Amino acid sequence: TAARAAYEAFDPIVDDPVLRCVAPGMPEAMTYIGPHPVEFVELSNSDIEIRIESDDNVRVVHMSEDASAAGQPPSALGYSIGRWEGDVLVVTTTRLNWPYFKVFGLVAAPQSEAMEIVERFEFAGAEGTLTYSFTATDPATFTEPVTAEAYHVWRYRPGVTIEPYDCTLDE
């Protein structure tokens, strides 16, 4: 298939835009952040901004009940709509035009604009942890959904702030 051919032709040294200091799109914006901190900020309109130190990425999660991705332009981070299920923030992201699906163990599988990612952010206050899980579905390129439970677990560390990432290319 075309998706398999694109996967096999991908050269991570030449083809990966992140190596040229291009901030990654979804899901890589969340799955390749390493030890860098993430901050969630509730905006005055109740939307949530996710600030990711790695690559200086900023996502907006639209929390309004009437939020709709219909008519939104595709982008690398897509259009994210969130809702609360108890203490769990569930975010559905569509309208993606980032070309690669990158998670640990699967590098640069192609993804189409049909990609849908459903994320779950679960905060365990007593433990000070935030657990990130997701399911990604792309009927144009995947034969089945990709699900990762507890893909990241962040621990609350008082005093840690989001710093500029300042990606630079080696000369």
Side-chain angles (χ1 to χ4, degrees), residues 12 16-19 21-69 72 75-96 98 100-109 111 115-138 142-168:
D16 190 344
V18 174
L19 295 179
C21 291
V22 174
M26 287 294 292
E28 186 177 2
M30 295 303 299
T31 61
Y32 270 46
I33 64 170
H36 300 283
V38 174
E39 180 179 36
F40 291 74
V41 176
E42 185 174 5
L43 303 176
S44 61
N45 64 356
S46 296
D47 289 350
I48 297 173
E49 195 170 77
I50 303 175
R51 300 174 185 166
I52 307 163
E53 182 176 271
S54 177
D55 297 298
D56 298 314
N57 254 330
V58 177
R59 297 176 59 198
V60 174
V61 178
H62 302 273
M63 298 298 292
S64 171
E65 287 184 17
D66 61 349
S68 172
Q72 299 296 326
S75 69
L77 295 174
Y79 190 84
S80 299
I81 299 173
R83 69 183 188 284
W84 290 102
E85 290 181 1
D87 292 335
V88 178
L89 175 62
V90 179
V91 178
T92 300
T93 301
T94 58
R95 309 295 295 150
L96 290 159
W98 185 249
Y100 304 114
F101 182 87
K102 289 175 68 176
V103 297
F104 182 75
L106 179 63
V107 176
Q111 69 183 21
M115 173 66 73
E116 177 181 274
I117 302 168
V118 178
E119 304 162 280
R120 297 179 63 83
F121 297 90
E122 186 168 357
F123 183 65
E127 300 162 16
T129 60
L130 178 68
T131 302
Y132 174 73
S133 303
F134 71 89
T135 297
T137 306
D138 187 346
F142 290 2
T143 57
E144 61 187 51
V146 174
T147 298
E149 297 293 328
Y151 190 88
H152 280 302
V153 178
W154 291 282
R155 304 212 185 291
Y156 175 66
R157 295 180 300 176
V160 172
T161 60
I162 302 293
E163 301 289 337
Y165 190 69
D166 294 330
C167 183
T168 56

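We use all heavy atoms of the structure for the numbers below, so side chains are in, but hydrogens, waters and symmetry mates are not. The structure displayed is predicted, hence computed values, not measured ones.
- Counting only heavy atoms from C-beta outward, the side chains of V91 and I48 never approach each other to under 4.5 Å.
- The shortest heavy-atom contact between A69 and I81 is N-CD1, 3.8 Å.
- Taking the six-membered ring for Trp and thresholds of 30 and 60 degrees, F121 and F40 have ring planes more than 60 degrees apart, a perpendicular arrangement.
- Other residues, nucleotides and ligands contribute only 12 or fewer heavy atoms inside 6.0 Å of the CD atom of E65.
- R51 pairs by the salt bridge (charged side-chain N to carboxylate O under 4.0 Å, His left out) definition with E39, E49, not counting sequence neighbours.
- The closest side-chain heavy-atom distance from H36 to Y165 is below 4.5 Å.
- In terms of heavy-atom proximity, I52 sits nearest to A29 at CD1-O, 3.8 Å.
- We find the CG-CG distance between D166 and D55 to be 11.0 Å, quoted to the nearest 0.5 Å.
- Residues E119 and L89 have side chains not in contact (no heavy-atom distance under 4.5 Å, counting atoms from C-beta outward).
- With rounding to the nearest 0.5 Å, the separation of CG in L77 from CD1 in I117 is 10.0 Å.
- Here CZ of R155 is found 8.0 Å from OG1 of T131. Values are rounded to the nearest 0.5 Å.
- Taking each heavy atom of I50 and V61 in turn, the nearest pair found is CD1-CG2, 3.7 Å.
- A side-chain donor from one of D47 and N45 sits under 3.5 Å from a side-chain acceptor of the other.
- Using a 3.5 Å distance cut-off with no hydrogens or angles, the side chains of T161 and E163 do pair a donor with an acceptor.
- Nearest heavy atom pair, residue M26 against residue Q111, reads O-NE2, 2.9 Å.
- Residues F101 and M115 meet the side-chain proximity criterion, which asks for heavy atoms closer than 4.5 Å.
- Heavy atoms only, all atoms of each residue included: G78 and T93 are closest at CA-CG2, 4.0 Å.
- When all heavy atoms are compared, the tightest approach of P24 to N57 is O-ND2, 2.8 Å.
- Side-chain contact between V38 and Y132 is absent, with no heavy atoms from C-beta onward closer than 4.5 Å.
- Without hydrogens or angle criteria, S80 side chain to T92 main chain gives no donor-acceptor distance under 3.5 Å.
- Looking at residues two or more places apart in sequence or on another chain, you find no side chain to side chain donor-acceptor pair (under 3.5 Å) involving H152.
- Panel note: side chain R95, backbone Y79; no donor-acceptor pair is recorded below 3.5 Å.
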